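Reading through the structure tokens given below for one structure.
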There are 2 protein chains.
Amino acid sequence: MLHIHKVSEMTGVTVRTLRHYDHIGLLQSSSKTEGGHRLYNHTDLKKLQQIQFMKKIGFRLNEIKNMLNSSDWDWSDSLKKQLSYVKKEQESLSKIESTLRELIHGMAMEDESNEIAIQKVMQLANNDKELQERYRKSMFEERELKLWKKVPNMTSDQPDTLEWIALIGQLKRFIHEDPGCSNVQNIIRRMDEKRAETFGGETEFLDKLWDVRMSEKQSEQLGLYPIDQDVLEYMNAAYEIFIGKKG
Amino acid sequence: MLHIHKVSEMTGVTVRTLRHYDHIGLLQSSSKTEGGHRLYNHTDLKKLQQIQFMKKIGFRLNEIKNMLNSSDWDWSDSLKKQLSYVKKEQESLSKIESTLRELIHGMAMEDESNEIAIQKVMQLANNDKELQERYRKSMFEERELKLWKKVPNMTSDQPDTLEWIALIGQLKRFIHEDPGCSNVQNIIRRMDEKRAETFGGETEFLDKLWDVRMSEKQSEQLGLYPIDQDVLEYMNAAYEIFIGKKG
DNA sequence: CTTGAAACTGACGTTACGTCATTTTGTATA
DNA sequence: TATACAAAATGACGTAACGTCAGTTTCAAG
């Protein structure tokens with residue numbers, strides 16, 4: 001049983017905001033003193049955490065209200081989505097980082113490559129917005145989570161799955177560039193590290209990979225994660241290079 | 001010379017927003033057609049990028065206006081701050097990530113450690129706000145940048161300096177854990193990669209490292225970057241392990 | 001039983017745009 | 001050169017999510 005100021009302190013949400021949320025029926029304290037002071041409990045905090053996250057990815061308060069009120073809301077599910085969002089954000093940030101470095105590096109010389117980099121930073125910042133939109137949509141449409149469940153030998157209950165999806169997603173973005181370039185090779189390295197954790201030997205990993213491809217090619221109804229053919233091919237090429245460098 | 005729609009496309013800022021910025025005098029297009037259509041050039045884009053970043057860390061539009069108008073505004077300086085901010089955000093996100101993983105992991109069992117984790121996530125999200133405040137302040141107070149200039153043989157003109165600071169900052173967080181653990185070793189690996197880029201041989205790197213320690217111990221007035229003694233010792237230990245594994 | 005900090009309830013203010021409605025401008029085509 | 005039609009412009013009003021008073025009531029500590 002926490003009074004409003006304590007909750008504000010703990011969460012960084014202002015007192016006024018908490019009262020506002022009460023007013024609009026988004027988050028009513030589970031109990032009150034006789035005099036009408038709000039008293040929050042642990043469940044209220046859970047709800048507040050949800051609200052914070054959903055706000056962060058761009059939902060409006062009334063949208064959040066509707067979602068939290070809908071009976072089949074799944075807190076565990078939401079957490080997984082948060083995790084997956086955080087990972088994407090990290091990707092986005094590291095891109096921004098390298099572009100900023102380019103910019104800083106080439107700052108002295110006022111040339112054209114500079115102008116391109118500026119646009120890149122802004123587009124990347126924009127990426128964030130698209131990311132948020134994607135996640136907002138995925139909150140409603142269950143499709144994405146269902147897809148994840150289709151990755152063979154990796155249910156979405158294993159948090160690693162999310163990372164795999166993220167890594168594959170990253171690869172996709174470089175598909176028109178050299179599979180030997182450092183960006184791609186770094187991704188592959190991370191994949192290989194994950195592979196070592198998750199599976200056993202190298203052959204097994206490649207087998208799984210091909211399994212996926214075959215199934216996707218043969219039929220979507222086998223219920224596997226649909227990785228595009230070209231992505232798989234690209235991934236394979238990059239992996240070959242990686243092995244070559246390593247061995 | 002870009003018309004408003006093109007700029008909007010390139011940057012993800014809506015047309016309405018651009019007009020709004022013009023209206024309040026925050027960003028006026030450098031030229032116009034005879035009929036009054038706004039035409040933006042490269043300098044305008046630079047300015048817009050600044051605005052985007054400053055908005056992201058929580059400035060109000062009129063504050064931004066004042067800062068950009070103040071004659072001694074330094075675009076290069078601002079970029080460095082952006083980079084440093086991005087790195088801090090990454091740290092913050094990776095903390096959030098691991099806490100989310102904790103939460104997801106312990107979701108089945110409805111116990112107390114769970115409640116603590118929830119509070120942790122929220123406090124971490126709150127970190128962001130504090131981060132933003134810190135950076136807003138550092139925009140005015142030059143202190144931070146001055147500190148960076150004190151790292152020997154690395155002026156803040158070398159963008160790598162920022163990464164060093166960030167890496168050292170990361171190390172600090174693990175100082176009570178095993179210097180051989182993978183998190184720490186990954187940081188060290190990145191340091192070693194940076195070292196190879198920046199300096200030459202291994203010995204030289206270690207020499208520099210000791211230089212720093214000696215000077216810090218002897219006197220702060222030599223104007224060096226203050227790395228805590230214990231961090232240095234920890235870093236050294238971790239590095240030794242790294243070398244051991246590598247060689 | 002008092003008393004000062006903290007909570008409460010309106011009510012109006014503010015920021016940063018979104019959303020019409022209506023009018024002009026620029027340019028590709030007949 | 002005329003015309004049409006997308007895209008730009010300018011108000012004006014709307015809105016979401018609180019911030020900021022102002023005046024009142026409740027609570028816990030002495």
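None of the values given here were measured: they were computed from a predicted structure. Within every chain, numbering begins at 1; the chains are lettered A, B, ... in the order of the sequence lines, protein sequences first and strands thereafter.
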How close or far is atom P of C:dA16 from atom CE of B:Met54, stated in whole angstroms?
-> 13 Å
Distance, rounded to the nearest Å, where B:Arg60 contributes CZ and C:dG13 contributes P = 17 Å
In whole angstrom, what separates A:Leu18's CG from D:dG19's P?
-> 10 Å
For B:Gln90 and A:Gln90, does a side-chain donor sit closer than 3.5 Å to a side-chain acceptor?
-> no
Test B:Arg101 against B:Glu97 for salt bridge (charged side-chain N to carboxylate O under 4.0 Å, His left out), laying out the working first.
-> CA-CA 6 Å; B:Arg101 277 188 199 287; B:Glu97 184 194 336; 3.1 Å; yes
Below 4.0 Å: OP1/OP2 of D:dA8 and any side-chain N or O of B:Thr33 = no
Is A:Lys55 touching bases, backbone alone, or none of the nucleic acid, heavy atoms closer than 4.0 Å?
-> sugar-phosphate
Between A:Gln49 and A:Gln82, do the side chains contain an N or O donor and an N or O acceptor separated by less than 3.5 Å?
-> yes
Between B:Asn62 and B:Glu34, who's closer to the 5' end of DNA chain C by nearest nucleotide?
-> B:Asn62
Let me know the distance between NZ of A:Lys56 and C1' of D:dA17, rounded to the nearest Å.
-> 18 Å
Whole-Å distance separating the NZ atom of B:Lys65 from the P atom of C:dA16 = 12 Å
Atom CD1 of B:Ile24 and atom P of C:dA16: how far apart are they, to the nearest Å?
-> 7 Å
Determine, step by step, whether A:Phe53 and A:Ile51 satisfy the side chain to side chain contact (heavy atoms under 4.5 Å, CB included) criterion, reporting the C-alpha distance in whole Å, the side-chain angles of both residues, the deciding distance to 0.1 Å, and the verdict.
-> CA-CA 5 Å; A:Phe53 171 65; A:Ile51 293 168; over 6 Å; no
Which distance, rounded to the nearest 0.5 Å, do you find between the CG of A:Leu26 and the CG of A:Leu68?
-> 6.5 Å
Set out, line by line, the N/O atom pairs under 3.5 Å between protein and nucleotides 8-11 of chain C.
| unit_1 | atom_1 | unit_2 | atom_2 | d |
| --- | --- | --- | --- | --- |
| C:dC8 | OP1 | A:Arg38 | N | 2.9 |
| C:dC8 | OP1 | A:Arg38 | NH1 | 2.6 |
| C:dC8 | OP2 | A:Arg19 | NH1 | 2.4 |
| C:dC8 | OP2 | A:Arg38 | NH1 | 3.3 |
| C:dC8 | O5' | A:Arg38 | NH1 | 3.2 |
| C:dT9 | OP2 | A:Arg38 | NH1 | 3.3 |
| C:dT9 | OP2 | A:Arg38 | NH2 | 2.7 |
| C:dA11 | N6 | A:Arg16 | NH1 | 3.4 |

May I ask you to evaluate whether B:Tyr21 reaches the phosphate of C:dA16, defined as a side-chain N or O under 4.0 Å from OP1 or OP2?
-> no
What is the distance from NZ of B:Lys6 to C1' of D:dA6, rounded to the nearest Å?
-> 16 Å
Which nucleotide in C:dA16, C:dG18, D:dA17 has an atom nearest any side-chain atom of B:Thr14 | C:dG18
If you look at every strand shown and take non-hydrogen atoms under 4.0 Å, does B:His5 touch a base, only sugar-phosphate, or nothing?
-> sugar-phosphate
Side chain to side chain donor-acceptor pair (under 3.5 Å) contacts in which one or both residues fall within residues 1-15 of chain A, not counting sequence neighbours | A:Thr14-A:Thr17
Could you check which of D:dC18, C:dA16, D:dA8 has an atom nearest any side-chain atom of B:His3?
-> D:dA8
Under the side chain to side chain contact (heavy atoms under 4.5 Å, CB included) criterion, do A:Asn41 and A:Leu45 qualify, and how do the steps go?
-> CA-CA 7 Å; A:Asn41 69 11; A:Leu45 285 186; over 6 Å; no
Integer-rounded Å distance: D:dT15 C1' and A:Glu63 CD | 14 Å
